[in-house]
Amino acid sequence: MNLILLGAPGSGKGTLAQLLSSELGVPHISPGDILREEVKKDSRLGKMAAPFMEKGELVPDVVMIKLMEQRMDEPDCEHGFILDGFPRTIPQAQQLDQFLSRSNKRIDFAVKFEVSEKCALKRLGGRRICSRCGADFNLYTKPPRKENVCDLCGGKLFQRKDDNEEVIYNRLKVYGEQTLPIEEYYNHQGKLLRINTENSPDMVLKEILEVLEA
Ligand code: AMP
């Protein structure tokens with residue numbers, strides 16, 4: 001199954017993408033994670049993307065499209081994938097359709113994660129990540145047992161650079177202006193499914209699986 005997860009920053013796409021990936025047996029592809037890895041390596045791509053990411057702006061389409069086409073060409077995507085954070089603009093959505101159609105593939109569904117701004121702000125502002133194993137915590141909803149220490153591996157927790165208040169507001173603004181229009185793109189194709197994602201991840205997972213199987 002080829003799925004797209006749509007939704008504002010903080011709508012829970014990343015958490016659900018991981019759960020769906022193990023449930024459906026297809027890879028979870030997050031361009032944000034790929035870019036953060038490149039920034040960490042200080043590669044050419046990382047150097048180019050970092051200033052956009054730090055401000056909460058989108059990395060240019062031409063770069064993102066090439067990066068994602070290369071990723072989706074890898075063998076693990078042969079039987080499907082879950083895209084978490086791509087496409088984020090109309091040109092990205094159009095190019096994705098063209099790219100897939102060249103190998104007789106298509107997007108099956110675009111699942112829209114609906115969440116109030118209040119809930120999104122709480123999720124983003126409270127998010128902490130383990131620097132060693134990558135586990136996710138949240139100071140409000142899933143705090144670590146010991147402050148700043150990962151429950152799973154004892155690694156140090158950190159806050160993403162773009163999870164500070166000013167950048168969070170810009171990311172939400174950018175989402176409204178550039179990404180929201182692609183909902184209509186998939187609605188028009190009859191592929192848009194809307195899910196309320198304010199419940200626990202397990203409940204949201206159950207709801208998505210029910211909708212996909214219906
Ligand atoms: P995320 O982890 O999905 O919140 O993405 C973090 C940052 O990576 C975004 O704020 C953008 O700067 C960049 N990014 C991720 N996906 C895309 C995309 N599809 N198009 C452009 N920029 C992206």
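Counting starts at 1 for both ligands and their atoms, following the listed order. Note that the structure is a prediction, hence the values are computed from the model and not measured.
- Between K206 and E210 a salt bridge is recorded (basic side-chain N to carboxylate O distance below 4.0 Å).
- Y169 has its side chain within reach of L121: a pair of non-hydrogen atoms, C-beta onward, lies under 4.5 Å apart.
- Considering backbone and side-chain atoms alike, R160 places an N or O below 3.5 Å from some N or O of ligand 1.
- Between R123 and D163 there is no salt bridge, since no side-chain N of the basic residue sits under 4.0 Å from a carboxylate O of the acidic one.
- Shown in contact with L35 at under 4.0 Å from a heavy atom are these atoms of ligand 1, numbered in order with element: 8 (O), 13 (C), 14 (N).
- Residue Q92 approaches ligand 1 through these ligand atoms, each under 4.0 Å from one of its heavy atoms: 18 (C), 19 (N), 20 (N), 21 (C).
- When the heavy-atom distances from atom 19 (N) of ligand 1 to A93, G14, G85, P31 are ranked, the shortest goes to G85.
- Scanning V174, N170, V167, V59 for the heavy atom closest to atom 22 (N) of ligand 1 points to V59.
- Contact annotation: R36 has at least one heavy atom less than 4.0 Å from an atom of ligand 1.
- Residues M64 and L35 have side chains in contact (heavy-atom distance under 4.5 Å, counting atoms from C-beta outward).
- In this structure, K13 contributes its side chain and G7 its backbone to a donor-acceptor pair below 3.5 Å.
- Atoms of ligand 1 found under 4.0 Å from any heavy atom of R171, numbered from 1 in the order shown, are 4 (O).
- Within the 4.0 Å heavy-atom criterion, both parts of M53, backbone and side chain, lie near ligand 1.
- Taking CG of L45 as the start and CD of E38 as the end, the distance is 5.0 Å to the nearest 0.5 Å.
- Classification of K66 and E69 as a salt-bridged pair fails, no side-chain N sitting under 4.0 Å from a carboxylate O.
- Those atoms of ligand 1 that come under 4.0 Å of a heavy atom in E57, given as number and element, are 11 (C), 12 (O).
- The residue from K161, K13, R88 that puts a heavy atom closest to atom 3 (O) of ligand 1 is R88.
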